[in-house]
Amino acid sequence: MTERVVSGIQQENDSQIDYTLRPKSLKDYIGQTKIVDNLKISIVASKQRNEPLDHTLLYGPPGLGKTTLSTILANEMESPIKITSGPAIERAGDMVSILTRLQKGEILFIDEIHRLNRTVEEILYSAMEDFVVSWMIDKGLKARSMNLPIQPFTLVGATTRFGMVSSPLRDRFGSVYRLNFYDNKSMEMIVKRSIAITNIEADTKGIVEIAKRSRGTPRIANRILRRVRDYAQVKANNKITGIVANEALTKLEVDEIGLDNNDRLLLKSIISNFKGGPVGIDTLATSISEESETIEDVYEPYLIQIGFLERTKKGRIVTEKTYKHLNIKSPKKNSSDQVSLF
Ligand code: ADE
């Protein structure tokens, strides 16, 4: 499947631009106000005590700023940061090596922390709790465990799958925050900020149009902004207006609420193949040739947030809103009309 303009997952072309547009301090960070307020207090308190921050778990859909927040935490704490990910740490020895090299107060950011394997994860337990790494040396009869002290550090874990983080690991985080989709006002401010940093010319209507089609996700907004800028450069003298943004996004088949062909295919499949649901996730995934995990992580969170999809015990169902948006007649409406006839 080609890369989606409206996917929150990081794509190859995003990394450079994401980096330049990423806020570096909490004062430049827009939205997620409850989390930001709590973090501000934690930062001041741990600085006053001269201790590292509490281990922090950030979860939520991709593209909302989990990595950004962790680099901001490091900047605010004036600490170094080591960035890695669950699948990248394959063996217990790799984890031991990372932990024993950490400096005092360093932030260890592990993205996709739910994908750590068990033996690697178990090394983290005593490291997080007591700043000690237990490590087996020798084999067979001579095997014994050695406790290596490590520097006090802060683990920042990020995941799109809170439910897949094991409870022993989850319980060792002092703070757990869920990142939510950004509201429209915050998205407009984020787009405005990106426009100012990258010297793009855009009017308010252009900004509003991009913001409202970005699914409450800064990474998507910044990606869309790039595509609309290209369009404006070729077709509209470099100026992004509401009309120009609308034209560019219509060409990319992103509709006025940020749904693309993939979303529409998924929703229409539930309607036409499964009578609106309920349908199990795996059956649905097969019907649109997509992986269940991608549906759960990338498609669903936003469709659920805007009330187009519901997860029930029996499976996924679409709602009246979905029928209305897709301009398809709802069977429910028909049946209730019929009932009212009698
Ligand atoms: N760029 C990406 N995420 C952002 C945020 N939350 N605030 C400001 N700029 C951003």
Side-chain angles (χ1 to χ4, degrees), residues 3-43 53 56-77 81 83 85 107 109 111-112 156-160 175-202 204 206-230 240 245 249 254 258 297-298 301-302 305:
E3 288 193 310
R4 302 173 64 193
V5 183
V6 295
S7 159
I9 291 190
Q10 190 168 44
Q11 298 169 4
E12 211 171 297
N13 289 336
D14 293 335
S15 42
Q16 187 56 37
I17 200 107
D18 269 5
Y19 184 78
T20 28
L21 296 179
R22 230 172 235 175
K24 308 281 184 293
S25 64
L26 281 180
K27 80 171 170 25
D28 291 334
Y29 194 92
I30 296 159
Q32 311 288 352
T33 43
K34 278 189 197 150
I35 300 181
V36 168
D37 288 349
N38 282 320
L39 287 174
K40 278 183 183 159
I41 291 172
S42 303
I43 289 166
L53 273 179
T56 303
L57 181 62
L58 305 172
Y59 72 99
L64 299 189
K66 295 184 283 290
T67 311
T68 303
L69 260 186
S70 72
T71 52
I72 289 178
L73 286 180
N75 287 341
E76 298 279 351
M77 291 298 292
I81 180 167
I83 297 181
S85 78
I107 288 185
F109 177 72
D111 201 6
E112 297 186 75
V156 178
T159 182
T160 48
S175 315
V176 177
Y177 298 114
R178 180 201 152 93
L179 277 81
N180 289 311
F181 289 110
Y182 293 70
D183 58 29
N184 254 339
K185 268 272 142 316
S186 302
M187 289 304 296
E188 285 169 18
M189 286 166 73
I190 289 171
V191 174
K192 213 168 168 182
R193 179 177 175 273
S194 299
I195 281 172
I197 294 174
T198 45
N199 268 325
I200 296 174
E201 207 186 331
T204 306
I207 293 170
V208 168
E209 198 63 36
I210 293 171
K212 87 174 183 203
R213 299 201 191 196
S214 298
R215 312 166 82 100
T217 307
R219 182 180 288 148
I220 298 178
N222 289 335
R223 190 184 303 138
I224 282 184
L225 179 59
R226 270 198 326 266
R227 304 292 296 264
V228 176
R229 178 189 57 183
D230 288 351
I240 300 177
L249 287 161
V254 174
D297 283 3
V298 185
Y302 186 67
Q305 159 93 8

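These figures come from a predicted structure and were not determined experimentally. Start at 1 and go down the list; that is how both ligands and their atoms are numbered.
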Arg193 atom CZ: more than 12 heavy-atom contacts under 6.0 Å: yes
Side chain to side chain contact (heavy atoms under 4.5 Å, CB included) partners for Ser25, two or more places apart: Lys27, Asp28, Glu76
Between ligand 1 and the protein, find all N/O pairs closer than 3.5 Å and give the distance for each.
{"unit_1": "ligand 1", "atom_1": "6 (N)", "unit_2": "Ile30", "atom_2": "O", "d": "3.0"}
{"unit_1": "ligand 1", "atom_1": "6 (N)", "unit_2": "Tyr182", "atom_2": "OH", "d": "3.3"}
{"unit_1": "ligand 1", "atom_1": "7 (N)", "unit_2": "Ile30", "atom_2": "N", "d": "2.9"}
{"unit_1": "ligand 1", "atom_1": "9 (N)", "unit_2": "Arg193", "atom_2": "NH1", "d": "3.2"}

Those residues that, when tested against Asn180, pass side-chain hydrogen bond (donor to acceptor under 3.5 Å, both in side chains) (two or more places apart): Arg178
All side-chain hydrogen bond (donor to acceptor under 3.5 Å, both in side chains) counterparts of Gln32, not counting sequence neighbours: none
Chi angles and distances behind the salt bridge (charged side-chain N to carboxylate O under 4.0 Å, His left out) call for Asp111, Lys66: CA-CA 8 Å; Asp111 201 6; Lys66 295 184 283 290; over 6 Å; no
Heavy-atom check, side chain of Ile83 versus side chain of Thr71, under 4.5 Å: yes
